[in-house]
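Each residue takes its place number in the sequence, starting with 1.
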Amino acid sequence: MANVIIVENGVEAKEQIQQLIDQGFTKEEIYLLAHDNNRSNDLTSALNINDIGVAEQGFFDSIANVFRTRGDELRSKLESLGVSSSDAEQYERELDQGKVVVLATRSA
């Protein structure tokens with residue numbers, strides 16, 4: 001099960017990431033999503049955490065994201081990390097409002 005935290009900005013994201021690390025998560029188990037792809041990439045890079053990619057989604061879902069709307073892509077990425085489809089829809093609505101999702105999930 002994924003631990004999902006909704007934050008307003010990068011400063012709050014950094015604080016939540018540190019709390020997750022303090023709880024025993026590694027940076028490889030922590031992900032961040034923002035609705036704007038550039039913002040998501042910038043925060044992921046600045047905070048030195050994982051991007052949701054082929055390893056998490058699988059090859060075919062990663063390729064399919066090229067043809068999806070950003071909302072569909074975000075929901076797909078959330079679901080690939082164990083978030084239910086109904087929760088993914090709710091989190092995507094939060095992302096639409098400019099919020100940031102910090103997500104931690106234990107490695108298998």
Can you tell me how far [atom2] of [Y] sits from [atom1] of [X], rounded to the nearest 0.5 angstrom?
X: N3; Y: Q19; atom1: CG; atom2: CD; answer: 11.5 Å
X: D36; Y: L95; atom1: CG; atom2: CG; answer: 11.0 Å
X: N48; Y: L43; atom1: CG; atom2: CG; answer: 13.0 Å
X: E29; Y: Q23; atom1: CD; atom2: CD; answer: 11.5 Å

Salt bridge (charged side-chain N to carboxylate O under 4.0 Å, His left out) partners of residues 37-49, not counting sequence neighbours, each pair once:
none
Can you name the residues that form a side-chain contact (heavy atoms from CB on, under 4.5 Å) with S84, not counting sequence neighbours?
S86, D87
[Y] and [X], any side-chain heavy atoms less than 4.5 Å apart:
X: I5; Y: L20; answer: yes
X: T26; Y: I21; answer: no
X: V102; Y: V7; answer: yes
X: T105; Y: F25; answer: no
X: E79; Y: S85; answer: yes
X: L103; Y: L32; answer: no
X: V100; Y: L33; answer: no
X: E92; Y: H35; answer: yes

So, for V83 and A88, which heavy atoms are closest and what is the spacing to 0.1 Å?
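Of all heavy-atom pairs spanning V83 and A88, the closest is CG1-N, 3.5 Å.
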Got a list of side-chain donor-acceptor pairs under 3.5 Å for residues 11-18, not counting sequence neighbours?
| unit_1 | atom_1 | unit_2 | atom_2 | d |
| --- | --- | --- | --- | --- |
| E12 | OE1 | E8 | N | 3.0 |
| Q18 | NE2 | D22 | OD1 | 2.9 |

Judged by atom type as modelled, is there a donor-acceptor pair below 3.5 Å linking the side chain of T44 to the main-chain atoms of S40?
yes
